Amino acid sequence: MTDTAPRPDSTIPDRPSLEGLEEKWDSVWSEQDLYAFDPETTRDQVFSVDTPPPTASGALHVGHVFGYSQADMIVRYQRMRGKNVFYPLGWDDNGLPTERRAQNYYGVRCDPSLPYEEGFTPPQEGGSNKSSKAANQLPISRRNFIELCEQLTALDEKSFEDVFRALGLSVDWDHSYQTINSASRATSQRAFLENLQQGQAYQSEAPTMWDVTYRTAVAQAEQEDREREGAYHRIGFTRTDGTGEAVFIETTRPELLPACVALVAHPDDERYQGLFGSTVTSPLFGVEVPVMAHPLAQPDKGAGIAMICTFGDSNDVTWWRELSLPTRSVVGRDGRFLPEAPWISTEEGQARYAELAGLTVFSAQKRVVEMVTESGDLVGEPEKVMHPVKFYENGDKPLEFVTSRQWYLTNGGRDQSEGGLRDELIARGAELTWHPAYMESRYRNWVEGLTGDWLISRQRFYGVPFPLWYAVGAEGETDHDTVLTPPIEALPIDPTTDVPAGFTESQRNQPGGFTADPDILDTWATSSLTPQLAGGWNSQADSDGLFDKVYPMDLRPQGHDIIRTWLFSTIVRSHLQQDSLPWKHASINGWILDPDRKKMSKSKGNVVTPIGLLQQHGSDGVRYWAGRARQGVDTAFDEGQMKIGRRLAIKILNASKFALGFGSAPADPAGRLAADPAVVTDPLDRALLAELAQVVEQATAAFDDMDYARSLEAVEPFFWAFCDDYIELVKERAHGNSPAGEAGAASARAALAITLEVLLRLFAPVVVFATEEVWSWWRDGSVHTQAWPQAAPLREAAAGQDAALVDTVAQAAITLRRLKSDAKVSQKTPILRVRVEAPQQALAHLEAAAADLTALGRIEQLELVVGEGEEILTRDVELGEPPVKQPRSQG
RNA sequence: GGGUCGUUAGCUCAGUUGGUCAGAGCGUCUGGUUUACACCCAGAAGGUCGGGGGUUCGAGCCCCUCACGACCCACCA
């Protein structure tokens, strides 16, 4: 980060252009390590960013470009404020998305039972992102599979980096990390082991939501509702009190009849008072089940009495637990009906169940409905209904409840006591500064709605393994209560190949030996540690104490869709591990919406590739679009805004070229135009600086609140007015063609130089390439490491001049231009005579700039008088002959 | 059912403690060869600020209510 490093030779081109600026400056910045973090530092000098590690699973989309650009603006501002910026960017390359992409790309699938194959070549490369049929995928060993995942993510990460560089992100690429690499695995495993030691991680055998396609448990945060068609089936159970009366229930899941363990109604429900405590038998299967009372049953729902099955939904789980009911599972981990249902005691019932065994849930439902129709237990026609069904967010079959042994991490979901973990985490959310502030409610909402702890084990292959083994008993049974852990120094480990202390490989899976935990950690269980991963928490000793210099971080930028996952889980981990918030600020960016206000669909998002956008509109143009959108607000995908941004960047080039072309007096020792406030004497020039001082204050206040959009909103109109009015007004004077002579020219040129220099810095966080290009024409170093401008020196240079003078004179200029526009003549047309009427105070301003106004309007006789109204008016206008049209000479 | 955000010119959006706040850009229209810029310049037209109440001397701005949209959560017999 040196300002004296050599820069490419830059002269002002005849026709400035944006073409090629991205490559040119990316390579210069990269060579000079312009964005490198300086390790010789203390925490108070640092601004550290916990950048989202993009999922390396294919392609970036416009949403990435949007969010990362916005964060980069905040970061660049902080850098210009003199902060030592720590801005790493990692890759999230572990987990299901990567697995799926590798399967499709290489045409393989993981089969852990197969042996490793040395020098394996996959059957294909570059397969489409569409799901291919499992039948067409070659089964390979877990290790071969992981190798392919690593190969593929390396490719993706390279292409992602190219996009981010082209976008002009001021990331320190020397500090990138991968969530799957060895250091990250060690960090993730260490954090888990420490959680285990603290009693924050525990295992439990319980019914959990299960994806039958991926055959893994999924956490609450990964579930979503989808509307699906279902139907209420009214089915009769038979009372066992000898009356033979039927009790009717309504269910959308008739296939779970064999799994019924009880009926339940509300304790106050008059209709069922006589039934509580009695039993009924289920249709088809003849299983006797009790009728019980529980306040969770809703009298107005369905028949008011529900069948409890283990397990149809979360209510079933609650009832099962609270009413101490038996477990009768019929759905297996593959989503098919289990072969046996031993609790069915009748021969007829067993015969019926035999028909269901092996069927998918879908087929079983069809068959059961046929059965109850035949038997007459189904009353009337099933009533169709659209209802929400729980899905894994990446899955396409409904989740089922399956009982399994899983690992959990405390997250407040089960500790709702006053001042308990949940309260502590809610307090953490309140402690965090949210941008925008209202996003905190999404966090609180989520934490308050948690129904259990965080399920962190996944029955998958590509990820961070649980660093655990279990003892194997004398009978060869796994003793889950005897957990064997490695020492911290040994991490990372893979329990399927590493051996616990005191054992040898030959004892693996043998009686009296050990067995590996086969599961991997939830992706979020590793990515929730990004501040620790990026900051080198686990390798403090050999990283110069980096962690203490960057943690807690200053900023977490991210989308609002992952507040419940990434943001929350990161707070959980930091709270448990470091007893602190992971960052001071969270900047939440919105979604990109289609022009029709729908969430940008995947297909469209892929058609519009980020790199194509950057090429078409220029990175500055695309950044501008992101920079105009406020934090947290969903934004229309609008190429119009990118075009405007591109236009702005081009304007910056052209206006700068012009402003620097009037001559180099006053000059600096190198002979370049100097931004010397001492020679700014003209009232108009001083007023310009006074106005600029206000703009600087507004932009600074906005950026201090991390509000890049508000800053841009202050700077941009000033810049356009500067171009359209101020430059036009002082053109002649700056050329030296004015009664004000050399002093007037020097004043204008210095004011132009000062303003330009300040404007370049104000625009630099957003329009990164064009500002750097202009800066290189006449200044040393990079604009991106200059100090953010201050208002005070500008105000001093303005010497008390009223900023309003600029607007007044601009108003007069517009009035004069309108004369010619209305007359439909060229702006070059001379005004032979005009009387301008203005209010008293405005008149003083106009008089001060009379010479500039005269030059602008080509006025031969200008009369300034006090008018009656508030407006500036022109009277007694006499226009001259328009200039003779001549073909434009091509220079 | 609960929560959050939004509804301002044809389009995309500003409008921060209620008092030039009815704005910007795009688009449209009318003009202009103005040696920084045709990836340009100048000018114009366009809105009873979602509906209805209320508070106030005064309300896009505060309160209530309704409608619509988006998202999150809950329910999902």
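The sequence lines fix the lettering, A, B, ..., with proteins before strands; numbering per chain opens at 1. Please read all numbers here as calculations on a predicted model, not as lab measurements.
C21(B) and U16(B) are spaced 13 Å apart, taking the C1' atom of each and rounding to whole Å. Rounded to the nearest Å, the gap between the C1' atom of C13(B) and that of G60(B) is 14 Å. The separation of A70(B) from U28(B), taken at their C1' atoms, amounts to 30 Å, rounded to a whole angstrom. Separating the P atom of G10(B) from that of G6(B) is a span of 22 Å, rounded to the nearest Å. C26(B) and A22(B) have their P atoms separated by 23 Å, given to the nearest Å.
One interatomic measurement links the two molecules: CD of Gln220(A) to P of A74(B), which rounds to 6 Å at whole-angstrom precision. Remark: C1' of C13(B) and CZ of Arg630(A) are 9 Å apart, rounded to the nearest angstrom. Atom CD1 of Ile652(A) and atom P of A36(B) are 19 Å apart (whole Å). Between the P atom of G43(B) and the CG atom of Leu879(A) lies a distance of 15 Å, rounded to the nearest Å.
In this model, the phosphate group of U35(B) is not approached by any side-chain N or O of Arg15(A) to a distance below 4.0 Å at OP1 or OP2. Arg710(A) has a side-chain polar atom (N or O) that falls below the 4.0 Å cut-off from OP1 or OP2 of G15(B).
Residue Ala659(A) is out of contact with every strand shown, counting any heavy-atom pair closer than 4.0 Å. Counting any heavy atom pair closer than 4.0 Å across all strands shown, Leu296(A) reaches a base atom. Using a 4.0 Å heavy-atom distance criterion, Ile644(A) is classed as a sugar-phosphate-only contact. At the heavy-atom level, Gln827(A) lies under 4.0 Å from base atoms of the strands shown. If you check every strand for non-hydrogen atoms under 4.0 Å, Glu716(A) touches nothing. Among the protein residues, Lys828(A) comes within range of the sugar-phosphate backbone only, with heavy atoms under 4.0 Å from sugar or phosphate atoms but none that close to a base. In this structure, Arg628(A) reaches neither bases nor backbone, as no heavy-atom distance under 4.0 Å exists between it and the strands shown. Note on Trp720(A): only backbone sugar-phosphate atoms sit closer than 4.0 angstrom, heavy atoms only; bases stay farther off. Contact annotation for Glu448(A): no contact, since no heavy-atom pair falls under 4.0 Å across all strands.
Between Trp625(A) and Phe66(A), the angle of the ring planes lies from 30° to 60°, which puts this pair in the tilted group. Taking the six-membered ring for Trp and thresholds of 30 and 60 degrees, Tyr443(A) and Trp434(A) have ring planes inclined between 30 and 60 degrees apart. Note: Phe719(A) and Phe722(A) have tilted aromatic rings, judged against thresholds of 30 and 60 degrees for the angle between ring planes.
For Lys651(A), the side-chain atoms get nearest to C40(B) when compared with the rest of A38(B), G15(B), C40(B).
Anti is the classification of G50(B), since its glycosidic angle lies more than 90° from 0.
Just one residue in the list Asp724(A), Asp822(A), Asp725(A) forms a side-chain hydrogen bond (donor to acceptor under 3.5 Å, both in side chains) with Arg817(A), and that residue is Asp725(A).
Gln70(A) contributes a side-chain N or O that, together with a main-chain N or O of Ala626(A), makes up a donor-acceptor pair within less than 3.5 Å.
Residues from residues 807-821 of chain A placing a heavy atom under 4.0 Å of any atom in RNA chain B, listed by number, are Ile814(A), Arg817(A), Arg818(A), Ser821(A).
Side-chain atoms of Asp225(A) come within donor-acceptor range of the base of C75(B), with a qualifying N/O pair under 3.5 Å.
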